[in-house]
Amino acid sequence: MHIKFARITLALTLAASAGFASAGCLKGAVVGGVAGHVAGSHGVVGAAAGCAIGHHMSKKKEKEQAAQQQAAAQAQANAQAQAAPKKK
């Protein structure tokens, strides 16, 4: 039991110090850790994989949102350009 606690503490400390604790890593690590534990005492491996997948999915979602915002801004700019009176 003490070894598991030490491993978890070490993993969390390394993850937090390396900056992996952001952008979906923690949520993915929790889900992956639980899934790994249920699958047969592979909680640490599951947490590491979950962190990587969570981080990847978070970045993917951020890129999609940025593309949607850019498209909306472009559409608004086009609408304003068409609505503006043309000078002769």
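Counting from 1, the numbers follow the sequence of the chain as shown.
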Set of side chain to side chain donor-acceptor pair (under 3.5 Å) partners for Q74, sequence neighbours left out: N78
Contacts table for residues 24-49: side-chain donor-acceptor under 3.5 angstrom, sequence neighbours left out:
residue	atom	partner	partner atom	Å
H42	NE2	G40	O	3.2

SB check K59 E62 (cutoff 4.0 Å): yes
Any side-chain heavy-atom pair of M57 and K61 under 4.5 Å: no
